[in-house]
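So the structure is just underneath, and the comments pick up after that.
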Amino acid sequence: MKKKLIIYSLLVCSTFILASCGPESTIGGGTDNTSTFVDSRTDAFTVVSGEMTMEGFVPDGDEVNFKSLYEAANYLFDNCDNGSYVKKLGDTTNTILFQKRGSESSISGATTDQFWYYANGTTVNGYSAYFANNYELFNSENVSVIMASTDNLKQYYQPYGLIAGEGHSETTASWNHTPLLDTAIRYNPIAFSGMRSITYNFDLSEAKIRPSYNETQKAVPMITLSSTDSYNWSNQGIYMDTDTGDWYYLYGETQADSKFLEYDTEEVILGSTWNAETQEYTPNGDVRMTLNYVFSEESETWSNDLIIEVTYNNGDVKTFNKNYEYSAMNGRGTPRANIALDLISSDEDYDETSFSPDFMCGSYFKNIVITEAKGTVPEGLTDDEYQGDTDMQGVPGTTYDLTTNDLGSDIDMEIILDHYDAITFHEDATNGDVFDIDYTPVISEATRTAEVLEAEELIGQIKDTDTAESASVILASQAYNALDAVSQKLVRYIDGYTQLEEALER
(Lines give C-alpha, C1' and ligand atoms only; values in the text may rest on other atoms or scores of the structure.)
Protein backbone atom coordinates (compact mmCIF):
# COMPACT_ATOMS: atom_id res chain seq x y z
CA MET A 1 0.00 0.00 0.00
CA LYS A 2 1.30 3.45 -0.85
CA LYS A 3 1.65 6.01 1.87
CA LYS A 4 0.16 9.33 0.85
CA LEU A 5 2.75 11.88 1.88
CA ILE A 6 3.29 15.61 1.94
CA ILE A 7 4.33 16.38 -0.68
CA TYR A 8 14.31 22.25 -20.18
CA SER A 9 15.72 20.71 -22.12
CA LEU A 10 18.03 17.94 -21.05
CA LEU A 11 21.70 17.38 -21.87
CA VAL A 12 23.35 14.05 -21.21
CA CYS A 13 26.88 12.78 -21.60
CA SER A 14 27.05 9.22 -20.35
CA THR A 15 29.80 6.74 -21.08
CA PHE A 16 27.55 3.82 -20.22
CA ILE A 17 27.50 1.40 -23.15
CA LEU A 18 27.08 -2.14 -21.92
CA ALA A 19 27.80 -5.31 -23.79
CA SER A 20 25.00 -7.83 -24.16
CA CYS A 21 26.80 -10.19 -21.81
CA GLY A 22 29.14 -8.82 -19.13
CA PRO A 23 32.27 -10.48 -17.71
CA GLU A 24 31.84 -13.59 -15.63
CA SER A 25 31.60 -12.71 -11.95
CA THR A 26 34.24 -13.98 -9.57
CA ILE A 27 32.14 -12.88 -6.61
CA GLY A 28 28.80 -14.59 -6.17
CA GLY A 29 28.44 -15.52 -9.83
CA GLY A 30 26.77 -13.42 -12.50
CA THR A 31 24.28 -15.15 -14.75
CA ASP A 32 23.53 -14.50 -18.42
CA ASN A 33 19.71 -14.35 -18.48
CA THR A 34 19.30 -13.87 -22.23
CA SER A 35 18.15 -17.44 -22.87
CA THR A 36 15.52 -17.46 -20.11
CA PHE A 37 14.24 -13.86 -20.06
CA VAL A 38 10.73 -14.00 -21.51
CA ASP A 39 8.44 -11.01 -22.02
CA SER A 40 5.07 -12.05 -20.56
CA ARG A 41 3.31 -8.77 -21.37
CA THR A 42 0.59 -8.66 -24.04
CA ASP A 43 -0.21 -6.04 -26.67
CA ALA A 44 -2.39 -3.30 -25.22
CA PHE A 45 -1.96 -0.21 -27.44
CA THR A 46 -2.30 0.59 -31.12
CA VAL A 47 -0.58 3.30 -33.13
CA VAL A 48 -2.90 4.69 -35.82
CA SER A 49 -0.91 6.51 -38.49
CA GLY A 50 -2.17 8.88 -41.16
CA GLU A 51 -1.96 12.49 -42.29
CA MET A 52 -3.83 15.76 -42.09
CA THR A 53 -5.89 16.82 -45.11
CA MET A 54 -8.36 19.64 -45.80
CA GLU A 55 -11.06 17.37 -44.37
CA GLY A 56 -9.05 16.59 -41.23
CA PHE A 57 -7.04 13.56 -40.15
CA VAL A 58 -7.19 10.59 -42.51
CA PRO A 59 -5.75 7.23 -41.34
CA ASP A 60 -3.53 5.50 -43.90
CA GLY A 61 -4.50 2.00 -42.76
CA ASP A 62 -1.16 1.24 -41.07
CA GLU A 63 -1.60 0.17 -37.45
CA VAL A 64 1.08 -1.23 -35.13
CA ASN A 65 0.45 -2.77 -31.70
CA PHE A 66 2.63 -2.33 -28.59
CA LYS A 67 2.76 -3.63 -25.04
CA SER A 68 3.73 -0.24 -23.61
CA LEU A 69 2.11 3.17 -24.04
CA TYR A 70 5.56 4.78 -23.91
CA GLU A 71 7.02 2.48 -26.53
CA ALA A 72 4.00 3.24 -28.74
CA ALA A 73 4.43 7.00 -28.23
CA ASN A 74 8.15 6.84 -29.06
CA TYR A 75 7.45 4.86 -32.23
CA LEU A 76 4.66 7.22 -33.29
CA PHE A 77 6.72 10.36 -32.80
CA ASP A 78 9.69 8.97 -34.74
CA ASN A 79 7.77 7.34 -37.61
CA CYS A 80 4.37 8.99 -38.12
CA ASP A 81 2.96 12.31 -39.31
CA ASN A 82 1.06 14.89 -37.29
CA GLY A 83 -2.42 13.75 -36.36
CA SER A 84 -1.35 10.14 -35.83
CA TYR A 85 -2.27 8.85 -32.41
CA VAL A 86 -2.13 6.03 -29.86
CA LYS A 87 -5.29 4.34 -28.63
CA LYS A 88 -6.08 1.29 -26.51
CA LEU A 89 -6.00 -1.94 -28.46
CA GLY A 90 -9.53 -2.73 -29.65
CA ASP A 91 -10.95 0.70 -28.77
CA THR A 92 -13.63 1.31 -31.41
CA THR A 93 -14.18 4.87 -30.10
CA ASN A 94 -10.60 5.77 -31.10
CA THR A 95 -10.07 7.79 -27.93
CA ILE A 96 -6.65 9.43 -28.10
CA LEU A 97 -4.07 8.46 -25.46
CA PHE A 98 -1.20 10.30 -27.18
CA GLN A 99 -1.04 12.30 -30.39
CA LYS A 100 1.67 13.86 -32.49
CA ARG A 101 0.71 17.54 -32.80
CA GLY A 102 2.25 20.82 -33.80
CA SER A 103 1.08 22.72 -30.75
CA GLU A 104 -1.53 22.95 -28.04
CA SER A 105 -4.14 24.45 -30.34
CA SER A 106 -3.12 22.97 -33.71
CA ILE A 107 -2.41 19.48 -34.99
CA SER A 108 -0.47 20.84 -37.99
CA GLY A 109 2.84 22.66 -37.89
CA ALA A 110 6.24 22.26 -36.30
CA THR A 111 6.22 20.61 -32.88
CA THR A 112 6.49 22.81 -29.80
CA ASP A 113 6.95 21.60 -26.20
CA GLN A 114 3.88 19.69 -25.01
CA PHE A 115 3.06 17.52 -22.01
CA TRP A 116 0.70 14.58 -21.57
CA TYR A 117 -0.31 13.55 -18.05
CA TYR A 118 -1.39 9.99 -17.16
CA ALA A 119 -3.12 9.05 -13.91
CA ASN A 120 -3.19 5.57 -12.36
CA GLY A 121 -1.46 3.99 -15.32
CA THR A 122 -2.86 5.15 -18.65
CA THR A 123 -5.85 7.39 -17.90
CA VAL A 124 -5.21 10.71 -19.65
CA ASN A 125 -6.07 13.44 -17.19
CA GLY A 126 -4.26 16.39 -18.71
CA TYR A 127 -2.50 17.95 -21.67
CA SER A 128 -0.76 21.30 -22.12
CA ALA A 129 2.06 23.33 -23.55
CA TYR A 130 4.87 24.32 -21.19
CA PHE A 131 4.06 26.69 -18.34
CA ALA A 132 6.24 27.98 -15.50
CA ASN A 133 6.80 25.55 -12.62
CA ASN A 134 4.86 22.76 -14.30
CA TYR A 135 7.19 20.32 -12.52
CA GLU A 136 5.17 21.00 -9.35
CA LEU A 137 1.95 19.71 -10.93
CA PHE A 138 0.33 16.52 -9.52
CA ASN A 139 2.80 16.12 -6.64
CA SER A 140 2.08 13.07 -4.43
CA GLU A 141 -0.30 11.69 -7.05
CA ASN A 142 0.08 8.56 -9.18
CA VAL A 143 0.76 10.54 -12.35
CA SER A 144 3.44 10.17 -15.03
CA VAL A 145 4.35 12.61 -17.82
CA ILE A 146 5.33 12.29 -21.48
CA MET A 147 7.06 15.34 -22.94
CA ALA A 148 7.16 16.08 -26.68
CA SER A 149 9.83 18.54 -27.77
CA THR A 150 10.74 20.05 -31.13
CA ASP A 151 12.64 17.02 -32.41
CA ASN A 152 11.76 14.08 -30.18
CA LEU A 153 10.20 12.79 -26.98
CA LYS A 154 12.43 13.08 -23.93
CA GLN A 155 12.82 12.78 -20.17
CA TYR A 156 11.18 15.39 -17.98
CA TYR A 157 10.44 16.15 -14.34
CA GLN A 158 7.94 13.63 -13.00
CA PRO A 159 5.52 14.41 -10.13
CA TYR A 160 7.24 13.75 -6.82
CA GLY A 161 6.36 13.15 -3.17
CA LEU A 162 8.13 13.84 0.11
CA ILE A 163 8.53 11.87 3.30
CA ALA A 164 9.24 14.45 5.97
CA GLY A 165 8.53 15.50 9.53
CA GLU A 166 5.61 17.58 10.70
CA GLY A 167 5.84 21.22 9.63
CA HIS A 168 8.25 20.50 6.78
CA SER A 169 7.65 22.25 3.44
CA GLU A 170 5.41 20.38 1.00
CA THR A 171 7.82 21.10 -1.87
CA THR A 172 11.54 20.87 -2.52
CA ALA A 173 13.83 22.95 -4.73
CA SER A 174 13.98 22.16 -8.46
CA TRP A 175 17.71 21.37 -8.25
CA ASN A 176 16.95 18.46 -5.92
CA HIS A 177 15.38 16.57 -8.84
CA THR A 178 17.21 14.40 -11.36
CA PRO A 179 14.91 13.75 -14.37
CA LEU A 180 17.69 11.93 -16.22
CA LEU A 181 17.68 9.22 -13.54
CA ASP A 182 13.95 8.70 -14.26
CA THR A 183 12.88 7.37 -10.85
CA ALA A 184 14.83 7.90 -7.64
CA ILE A 185 14.58 7.72 -3.86
CA ARG A 186 16.73 10.51 -2.45
CA TYR A 187 17.69 10.97 1.22
CA ASN A 188 18.01 14.74 1.43
CA PRO A 189 19.01 16.37 4.75
CA ILE A 190 18.88 20.14 5.01
CA ALA A 191 21.57 22.11 3.18
CA PHE A 192 24.54 23.25 5.29
CA SER A 193 23.96 20.63 7.94
CA GLY A 194 27.66 20.41 8.80
CA MET A 195 27.75 16.66 8.14
CA ARG A 196 30.93 15.47 6.42
CA SER A 197 30.41 11.74 6.75
CA ILE A 198 27.45 9.46 6.03
CA THR A 199 26.93 5.70 6.27
CA TYR A 200 24.14 3.64 4.73
CA ASN A 201 23.52 -0.09 4.95
CA PHE A 202 21.56 -1.74 2.13
CA ASP A 203 20.30 -5.31 2.61
CA LEU A 204 20.56 -6.05 -1.10
CA SER A 205 20.24 -9.78 -0.48
CA GLU A 206 16.54 -9.03 0.18
CA ALA A 207 16.03 -7.17 -3.12
CA LYS A 208 14.38 -8.46 -6.29
CA ILE A 209 15.41 -7.00 -9.65
CA ARG A 210 13.87 -7.59 -13.07
CA PRO A 211 15.51 -6.31 -16.28
CA SER A 212 13.70 -4.22 -18.88
CA TYR A 213 11.68 -5.94 -21.60
CA ASN A 214 12.23 -2.92 -23.87
CA GLU A 215 14.94 -3.83 -26.38
CA THR A 216 16.08 -0.23 -26.82
CA GLN A 217 15.90 0.91 -23.19
CA LYS A 218 17.94 -0.79 -20.50
CA ALA A 219 17.02 -0.46 -16.82
CA VAL A 220 19.97 0.22 -14.51
CA PRO A 221 19.54 -0.19 -10.72
CA MET A 222 22.00 2.06 -8.90
CA ILE A 223 22.84 3.20 -5.39
CA THR A 224 25.04 6.24 -4.82
CA LEU A 225 26.23 8.49 -2.04
CA SER A 226 26.82 12.08 -3.08
CA SER A 227 28.42 15.28 -1.94
CA THR A 228 26.37 18.26 -2.99
CA ASP A 229 26.50 22.02 -3.06
CA SER A 230 23.72 23.96 -4.75
CA TYR A 231 23.07 22.47 -8.20
CA ASN A 232 26.11 20.20 -8.26
CA TRP A 233 25.99 16.51 -7.28
CA SER A 234 29.21 14.47 -7.11
CA ASN A 235 28.20 10.80 -7.02
CA GLN A 236 29.90 7.54 -6.10
CA GLY A 237 28.33 4.15 -5.68
CA ILE A 238 27.37 0.91 -7.39
CA TYR A 239 25.19 -0.13 -10.30
CA MET A 240 24.00 -3.46 -11.69
CA ASP A 241 24.34 -4.75 -15.23
CA THR A 242 21.03 -6.55 -15.73
CA ASP A 243 22.50 -8.74 -18.48
CA THR A 244 24.62 -10.55 -15.88
CA GLY A 245 23.45 -9.45 -12.43
CA ASP A 246 26.94 -8.16 -11.60
CA TRP A 247 27.40 -4.92 -9.64
CA TYR A 248 30.20 -2.46 -10.43
CA TYR A 249 31.50 0.93 -9.27
CA LEU A 250 30.30 4.20 -10.81
CA TYR A 251 31.11 7.85 -10.22
CA GLY A 252 30.48 11.26 -11.77
CA GLU A 253 28.31 14.34 -11.85
CA THR A 254 24.58 14.87 -12.12
CA GLN A 255 22.41 17.95 -12.18
CA ALA A 256 18.76 18.44 -13.01
CA ASP A 257 19.52 18.83 -16.72
CA SER A 258 22.73 16.81 -17.16
CA LYS A 259 24.36 13.49 -16.36
CA PHE A 260 28.08 12.79 -16.66
CA LEU A 261 28.65 9.36 -15.15
CA GLU A 262 31.51 6.89 -15.55
CA TYR A 263 30.55 3.21 -15.27
CA ASP A 264 33.32 0.80 -14.34
CA THR A 265 33.08 -2.57 -16.11
CA GLU A 266 36.24 -4.26 -14.87
CA GLU A 267 35.99 -5.00 -11.15
CA VAL A 268 32.93 -6.93 -10.03
CA ILE A 269 31.85 -5.86 -6.55
CA LEU A 270 28.86 -8.16 -6.09
CA GLY A 271 27.15 -10.88 -8.12
CA SER A 272 23.50 -11.96 -8.25
CA THR A 273 21.48 -15.12 -8.71
CA TRP A 274 19.00 -15.36 -11.59
CA ASN A 275 15.66 -17.08 -11.06
CA ALA A 276 14.24 -18.13 -14.44
CA GLU A 277 10.83 -18.91 -12.97
CA THR A 278 10.26 -15.49 -11.38
CA GLN A 279 12.34 -13.66 -14.03
CA GLU A 280 14.34 -11.73 -11.45
CA TYR A 281 17.74 -11.38 -9.83
CA THR A 282 18.60 -11.50 -6.14
CA PRO A 283 21.98 -9.95 -5.20
CA ASN A 284 24.33 -12.33 -3.39
CA GLY A 285 25.11 -10.11 -0.41
CA ASP A 286 24.56 -6.87 1.49
CA VAL A 287 26.36 -3.55 1.05
CA ARG A 288 27.42 -0.92 3.57
CA MET A 289 28.71 2.34 2.10
CA THR A 290 30.41 5.26 3.85
CA LEU A 291 31.23 8.60 2.20
CA ASN A 292 33.79 10.92 3.84
CA TYR A 293 34.76 14.43 2.79
CA VAL A 294 38.57 14.59 2.69
CA PHE A 295 40.77 17.71 2.53
CA SER A 296 44.34 17.56 1.23
CA GLU A 297 46.60 20.04 3.00
CA GLU A 298 49.23 19.54 0.32
CA SER A 299 47.05 20.36 -2.71
CA GLU A 300 44.41 22.32 -0.80
CA THR A 301 41.64 20.41 -2.53
CA TRP A 302 38.60 18.46 -1.41
CA SER A 303 37.73 14.95 -2.53
CA ASN A 304 35.37 12.16 -1.50
CA ASP A 305 36.43 8.81 -0.06
CA LEU A 306 33.88 6.05 -0.57
CA ILE A 307 34.18 2.83 1.39
CA ILE A 308 32.12 -0.06 0.02
CA GLU A 309 31.95 -3.00 2.43
CA VAL A 310 30.25 -6.09 1.02
CA THR A 311 29.10 -9.00 3.16
CA TYR A 312 28.52 -11.97 0.87
CA ASN A 313 25.97 -14.67 1.49
CA ASN A 314 28.75 -17.18 2.19
CA GLY A 315 30.02 -15.03 5.08
CA ASP A 316 33.00 -13.50 3.29
CA VAL A 317 33.56 -9.75 3.64
CA LYS A 318 35.40 -7.55 1.17
CA THR A 319 36.07 -3.80 1.22
CA PHE A 320 36.50 -1.56 -1.82
CA ASN A 321 38.02 1.91 -1.34
CA LYS A 322 37.29 4.55 -3.98
CA ASN A 323 38.43 8.20 -4.05
CA TYR A 324 36.88 10.77 -6.36
CA GLU A 325 37.93 14.39 -6.88
CA TYR A 326 36.03 17.08 -8.74
CA SER A 327 36.75 20.80 -9.05
CA ALA A 328 33.44 21.94 -7.51
CA MET A 329 33.83 19.84 -4.34
CA ASN A 330 34.12 21.54 -0.97
CA GLY A 331 33.61 20.69 2.67
CA ARG A 332 30.28 22.38 3.19
CA GLY A 333 27.82 20.48 0.97
CA THR A 334 25.55 18.05 2.80
CA PRO A 335 26.15 14.44 1.65
CA ARG A 336 23.12 12.50 0.43
CA ALA A 337 22.06 9.01 -0.64
CA ASN A 338 20.26 8.12 -3.85
CA ILE A 339 18.62 4.89 -5.09
CA ALA A 340 17.46 4.88 -8.72
CA LEU A 341 16.19 2.69 -11.54
CA ASP A 342 17.57 4.53 -14.53
CA LEU A 343 16.35 3.91 -18.09
CA ILE A 344 19.12 4.40 -20.63
CA SER A 345 19.69 3.65 -24.27
CA SER A 346 20.96 0.15 -25.04
CA ASP A 347 22.27 1.41 -28.39
CA GLU A 348 25.14 3.91 -28.57
CA ASP A 349 23.48 5.47 -31.65
CA TYR A 350 20.22 6.08 -29.77
CA ASP A 351 20.73 9.07 -27.48
CA GLU A 352 19.20 8.95 -24.00
CA THR A 353 17.58 12.36 -24.38
CA SER A 354 15.81 11.41 -27.61
CA PHE A 355 13.04 9.21 -26.19
CA SER A 356 10.45 9.10 -23.47
CA PRO A 357 11.45 6.72 -20.64
CA ASP A 358 9.43 3.51 -20.86
CA PHE A 359 7.69 3.34 -17.50
CA MET A 360 5.88 0.18 -18.67
CA CYS A 361 9.02 -1.77 -19.64
CA GLY A 362 8.39 -4.39 -16.91
CA SER A 363 11.57 -3.72 -14.97
CA TYR A 364 11.63 -3.31 -11.21
CA PHE A 365 13.93 -2.89 -8.21
CA LYS A 366 11.85 -4.16 -5.29
CA ASN A 367 12.31 -4.62 -1.57
CA ILE A 368 15.11 -2.08 -1.26
CA VAL A 369 15.88 -2.34 2.46
CA ILE A 370 17.89 0.40 4.23
CA THR A 371 18.65 -0.84 7.74
CA GLU A 372 21.02 1.96 8.72
CA ALA A 373 21.42 5.58 7.66
CA LYS A 374 23.45 8.04 9.69
CA GLY A 375 25.42 11.24 9.24
CA THR A 376 28.04 12.86 11.45
CA VAL A 377 29.07 16.48 12.01
CA PRO A 378 32.80 16.45 12.91
CA GLU A 379 33.79 17.19 16.48
CA GLY A 380 35.00 20.77 16.86
CA LEU A 381 33.82 22.00 13.44
CA THR A 382 33.08 25.74 13.56
CA ASP A 383 31.00 27.96 11.29
CA ASP A 384 34.12 29.95 10.34
CA GLU A 385 35.79 26.76 9.16
CA TYR A 386 32.63 25.37 7.57
CA GLN A 387 31.82 28.54 5.57
CA GLY A 388 28.26 27.61 4.70
CA ASP A 389 25.74 30.08 3.31
CA THR A 390 24.02 29.73 6.69
CA ASP A 391 25.24 28.62 10.09
CA MET A 392 25.52 24.87 10.55
CA GLN A 393 22.14 23.31 11.26
CA GLY A 394 23.72 20.30 12.97
CA VAL A 395 25.70 20.18 16.22
CA PRO A 396 29.44 19.41 16.03
CA GLY A 397 30.25 15.95 17.35
CA THR A 398 26.72 14.68 16.73
CA THR A 399 25.68 11.67 14.68
CA TYR A 400 22.17 11.86 13.25
CA ASP A 401 19.74 9.09 12.30
CA LEU A 402 18.78 9.70 8.66
CA THR A 403 16.05 7.07 8.40
CA THR A 404 12.32 7.72 8.68
CA ASN A 405 12.63 7.00 12.41
CA ASP A 406 13.88 10.53 13.06
CA LEU A 407 12.52 13.09 10.60
CA GLY A 408 12.21 16.03 12.97
CA SER A 409 15.82 16.54 14.10
CA ASP A 410 18.13 19.53 13.62
CA ILE A 411 19.07 18.45 10.10
CA ASP A 412 15.40 18.54 8.94
CA MET A 413 15.49 15.32 6.94
CA GLU A 414 13.33 14.78 3.83
CA ILE A 415 13.18 11.80 1.51
CA ILE A 416 12.31 12.75 -2.06
CA LEU A 417 10.29 10.20 -4.03
CA ASP A 418 11.26 11.45 -7.49
CA HIS A 419 8.60 10.08 -9.87
CA TYR A 420 6.16 9.19 -7.12
CA ASP A 421 3.97 7.10 -9.42
CA ALA A 422 6.61 4.34 -9.70
CA ILE A 423 7.64 4.24 -6.01
CA THR A 424 6.09 2.44 -3.08
CA PHE A 425 7.18 3.15 0.50
CA HIS A 426 6.40 0.25 2.83
CA GLU A 427 5.31 2.20 5.88
CA ASP A 428 4.50 -1.01 7.75
CA ALA A 429 8.05 -2.40 7.45
CA THR A 430 9.75 -3.15 10.77
CA ASN A 431 13.26 -3.97 9.54
CA GLY A 432 14.21 -0.53 8.16
CA ASP A 433 13.12 1.82 5.40
CA VAL A 434 11.78 -0.33 2.56
CA PHE A 435 10.96 0.86 -0.97
CA ASP A 436 10.00 -0.50 -4.40
CA ILE A 437 10.65 1.08 -7.79
CA ASP A 438 8.37 -0.61 -10.28
CA TYR A 439 7.83 -0.26 -14.04
CA THR A 440 5.34 -3.12 -14.26
CA PRO A 441 2.58 -2.04 -16.71
CA VAL A 442 -0.61 -0.65 -15.18
CA ILE A 443 -3.28 -0.30 -17.87
CA SER A 444 -6.30 1.69 -16.77
CA GLU A 445 -9.82 0.68 -17.75
CA ALA A 446 -10.79 4.32 -18.21
CA THR A 447 -9.16 6.49 -20.87
CA ARG A 448 -10.36 9.67 -19.12
CA THR A 449 -11.04 10.58 -15.50
CA ALA A 450 -14.62 10.62 -14.23
CA GLU A 451 -14.43 14.40 -13.81
CA VAL A 452 -13.38 14.91 -17.44
CA LEU A 453 -16.07 12.54 -18.71
CA GLU A 454 -18.74 14.35 -16.71
CA ALA A 455 -17.67 17.73 -18.07
CA GLU A 456 -17.55 16.42 -21.64
CA GLU A 457 -21.00 14.85 -21.34
CA LEU A 458 -22.49 18.15 -20.17
CA ILE A 459 -20.66 20.19 -22.81
CA GLY A 460 -21.86 17.74 -25.46
CA GLN A 461 -25.49 18.57 -24.53
CA ILE A 462 -25.10 22.27 -25.40
CA LYS A 463 -27.11 23.22 -28.50
CA ASP A 464 -25.99 25.60 -31.23
CA THR A 465 -28.59 28.09 -30.03
CA ASP A 466 -27.63 28.03 -26.33
CA THR A 467 -26.03 31.07 -24.70
CA ALA A 468 -24.38 31.89 -21.39
CA GLU A 469 -27.83 32.11 -19.75
CA SER A 470 -28.91 28.63 -20.87
CA ALA A 471 -29.22 25.96 -18.18
CA SER A 472 -27.09 23.53 -20.18
CA VAL A 473 -24.28 26.07 -20.43
CA ILE A 474 -24.43 26.92 -16.73
CA LEU A 475 -24.24 23.24 -15.76
CA ALA A 476 -21.41 22.56 -18.20
CA SER A 477 -19.53 25.64 -16.98
CA GLN A 478 -19.65 24.42 -13.39
CA ALA A 479 -18.22 21.01 -14.30
CA TYR A 480 -15.61 22.46 -16.67
CA ASN A 481 -14.43 25.17 -14.25
CA ALA A 482 -13.96 22.52 -11.55
CA LEU A 483 -11.25 20.88 -13.69
CA ASP A 484 -7.61 21.90 -13.42
CA ALA A 485 -6.11 23.82 -16.34
CA VAL A 486 -4.45 20.83 -18.04
CA SER A 487 -7.66 18.80 -17.90
CA GLN A 488 -9.55 21.72 -19.46
CA LYS A 489 -7.04 21.78 -22.32
CA LEU A 490 -7.50 18.04 -22.81
CA VAL A 491 -11.26 18.59 -23.15
CA ARG A 492 -10.91 21.44 -25.65
CA TYR A 493 -7.86 20.65 -27.75
CA ILE A 494 -7.63 16.84 -27.76
CA ASP A 495 -11.25 15.75 -27.38
CA GLY A 496 -12.61 18.75 -29.31
CA TYR A 497 -15.38 19.83 -26.93
CA THR A 498 -15.58 23.51 -27.90
CA GLN A 499 -19.37 23.96 -27.57
CA LEU A 500 -19.07 25.64 -24.17
CA GLU A 501 -16.59 28.21 -25.39
CA GLU A 502 -18.74 28.94 -28.44
CA ALA A 503 -21.91 29.29 -26.37
CA LEU A 504 -20.25 31.75 -23.97
CA GLU A 505 -19.23 33.89 -26.95
CA ARG A 506 -22.74 34.04 -28.41
Side-chain angles (χ1 to χ4, degrees), residues 41-109 111 114-129 143-148 153 356 358-360 441-462 476 479-480 483 486-502:
R41 300 172 303 165
T42 58
D43 288 342
F45 306 95
T46 299
V47 169
V48 179
S49 68
E51 61 180 350
M52 293 299 296
T53 68
M54 294 295 292
E55 289 74 32
F57 176 73
V58 178
D60 58 19
D62 290 336
E63 296 188 356
V64 185
N65 295 330
F66 293 89
K67 300 176 176 67
S68 162
L69 170 65
Y70 301 90
E71 195 171 8
N74 282 312
Y75 172 88
L76 182 151
F77 197 94
D78 291 342
N79 297 282
C80 301
D81 293 332
N82 284 17
S84 302
Y85 61 93
V86 180
K87 67 174 183 176
K88 287 184 72 172
L89 179 65
D91 180 11
T92 57
T93 67
N94 296 324
T95 301
I96 293 171
L97 298 182
F98 176 82
Q99 184 179 48
K100 187 173 181 179
R101 300 170 61 89
S103 65
E104 193 177 74
S105 57
S106 175
I107 294 176
S108 301
T111 305
Q114 298 159 56
F115 302 84
W116 294 74
Y117 301 90
Y118 301 90
N120 304 311
T122 55
T123 299
V124 187
N125 70 330
Y127 163 80
S128 73
V143 172
S144 293
V145 179
I146 290 180
M147 177 186 177
L153 303 187
S356 177
D358 186 356
F359 296 132
M360 299 178 73
V442 176
I443 302 170
S444 309
E445 286 242 355
T447 54
R448 299 290 186 267
T449 65
E451 293 78 11
V452 165
L453 290 175
E454 179 186 3
E456 290 183 345
E457 181 180 3
L458 291 171
I459 293 172
Q461 295 173 8
I462 296 175
Y480 181 78
L483 300 175
V486 296
S487 295
Q488 291 178 349
K489 290 177 179 179
L490 171 68
V491 170
R492 291 175 59 205
Y493 298 129
I494 304 303
D495 293 345
Y497 284 85
T498 59
Q499 299 96 316
L500 175 61
E501 184 180 0
E502 293 162 1

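What's counted below: heavy atoms across the whole structure, side chains too, no hydrogens, waters or symmetry copies.
A search for salt bridge (charged side-chain N to carboxylate O under 4.0 Å, His left out) contacts involving Glu456 returns nothing, not counting sequence neighbours. By the side-chain contact (heavy atoms from CB on, under 4.5 Å) test, Asp62 is found to be paired with Ser49, Asp60, residues two or more places apart in sequence or in another chain being considered. Remark: Glu451 pairs with Thr449, Leu483 by the side-chain contact (heavy atoms from CB on, under 4.5 Å) rule, at least two apart or across chains. In this view, Tyr70 and Phe359 satisfy the ring-ring contact (aromatic ring centres under 6.0 Å, His included) rule, not counting sequence neighbours. Applying the ring-ring contact (aromatic ring centres under 6.0 Å, His included) criterion to Phe98, with sequence neighbours excluded, gives Trp116. Residues forming a side-chain contact (heavy atoms from CB on, under 4.5 Å) with Glu457 (at least two apart in sequence, or on another chain): Gln461. Among residues two or more places apart in sequence or in another chain, the side-chain contact (heavy atoms from CB on, under 4.5 Å) test is passed with Ala44 by Ile443. Residues passing the side chain to side chain donor-acceptor pair (under 3.5 Å) test with Gln114 are Tyr127, sequence neighbours excluded. Applying the side chain to side chain donor-acceptor pair (under 3.5 Å) test to Ser68 and every residue at least two apart in sequence or in another chain returns Asp358.
The stretch residues 78-91 participates, sequence neighbours left out, in no salt bridge (charged side-chain N to carboxylate O under 4.0 Å, His left out) pair at all. Sorted by first and then second residue, the salt bridge (charged side-chain N to carboxylate O under 4.0 Å, His left out) pairs involving residues 42-56 (not counting sequence neighbours) are Asp43-Lys67. Under the side chain to side chain donor-acceptor pair (under 3.5 Å) criterion, the residue pairs touching residues 492-501 are Arg448-Asp495, Arg492-Glu501, Thr498-Glu502, with sequence neighbours excluded.
Atom-to-atom distance recorded for Phe57:CZ and Ile96:CD1 is 8.5 Å, nearest 0.5 angstrom. Between the OH atom in Tyr118 and the CG atom in Leu97 there is a gap of 6.5 Å [rounded to 0.5 Å].
Counting only heavy atoms from C-beta outward, the side chains of Val86 and Tyr75 never approach each other to under 4.5 Å. Side-chain contact between Asn120 and Val442 is absent, with no heavy-atom pair separated by less than 4.5 Å.
Taking every heavy atom of both residues into account, Lys100 and Cys80 meet most closely at NZ-O, 2.9 Å. Here the closest non-hydrogen pair linking Gln99 and Arg101 is OE1-NH1, 2.9 Å.
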